[in-house]
Amino acid sequence: MKKSHQKLIIGNWKMNPTTQSAAKRLFGEIKKGVTRLDNVVVGIAPPSVYLSDLARIRSGSKAVALCAQNAHWEKTGAHTGEISIPMVKDLDVQYVIIGHSERRAKGVTDEAVHKTLQAVLKSGLTAIVCVGERRRDAHGNHFSFVEAQVRAALSGIPKAKLAHVVIAYEPIWAIGTEATAIPADVHEMKLFIQKVLSRLYDRSYAYKVRILYGGSVHAKNAESLLVEGTVKGFLIGGASLKPQEFIEIVKTAKKHGA
Ligand code: PGA
């Protein structure tokens, strides 16, 4: 199946769980629950200290891809506390999350997002670029805010690379809150992001970029967000730590996959 038709469900574990054994158990349960799906790609972004163990558990199975929560654009060097793209690639990682709002809040700039995107694409991995407004207002400033983030990330990225770019629309006010965006608003923002992309590239290339939603996705709202929100999948925080709920969401995506 063409990559652009597959749904993409990524679990972002953030700084959880606290032990290696709990991480392995969680990963094992998810892996068991999501075998044999061809219209959905499932990915898990664990804390980087667990990547190596999870890569071993994963080996031989294509059911769950590994993602990095972050990576530095330089290959090596004096960057204390950072991990590089070749390091995560060596551990079987296929996706790298870039510019999550929790990292932007700690000082990751649009420029850093752009440099990391360039480096991820050069390495042949797929990038998940996070964008999203802090708040909504009646003047629609959230649209210009998201447009600026998309433009800053993608400026100068060649169209041939767009099949390896995923954009996750994650309104900050909806992350970890229960205040999920309503599907109609998600749909509107998805169309808007596609419009921005088609101003930067030919329409046929712009539409290769998959657009996800993230922000308090759970088993109960997944279906309406996929169907009415018309997104290609989700970036899921809290619910990805509950294996049964996460598997439920994956099954919903399978039902509505291409
Ligand atoms: P949440 O997090 O699902 O817990 O709201 C989403 C994210 O931060 O990617």
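First listed ligand is number 1; within each ligand, the first listed atom is number 1.
- Counting only N and O atoms by type, the side chains of E223 and H256 include a donor and acceptor under 3.5 Å apart.
- Taking every heavy atom of G238 and a limit of under 4.0 angstrom, the matching atoms of ligand 1 come to 1 (P), 3 (O), 4 (O).
- Residue N12 approaches ligand 1 through these ligand atoms, each under 4.0 Å from one of its heavy atoms: 9 (O).
- With ligand atoms numbered from 1 in the order given, ligand 1 contributes 1 (P), 4 (O), 5 (O) to contacts under 4.0 Å with heavy atoms of G176.
- When only modelled atom types and interatomic distance are considered, H164 and T126 share a side-chain donor-acceptor pair under 3.5 Å.
- At the shortest separation from atom 3 (O) of ligand 1 among protein heavy atoms lies G237 N, 2.9 Å.
- Protein heavy atom nearest atom 7 (C) of ligand 1, with residue, atom name and distance: E170 OE2, 3.2 Å.
- Between R151 and E147 a salt bridge is recorded (basic side-chain N to carboxylate O distance below 4.0 Å).
- At least one donor-acceptor pair under 3.5 Å links the side chain of Q149 to the backbone N or O of G132.
- For ligand 1, the atoms sitting less than 4.0 Å from at least one non-hydrogen atom of H100 are 7 (C), 8 (O), 9 (O), numbered in the order shown with element in parentheses.
- For the pair K115 and E74, the salt-bridge criterion is not met [side-chain N within less than 4.0 Å of a carboxylate O].
- Atoms of ligand 1 lying under 4.0 Å from at least one heavy atom of G215, given by number and element, are 5 (O).
- Using modelled atom types, one finds a donor on one side chain and an acceptor on the other under 3.5 Å when comparing E133 with W173.
- Ligand 1 lies within reach of K14, whose nearest heavy atom is under 4.0 Å from it.
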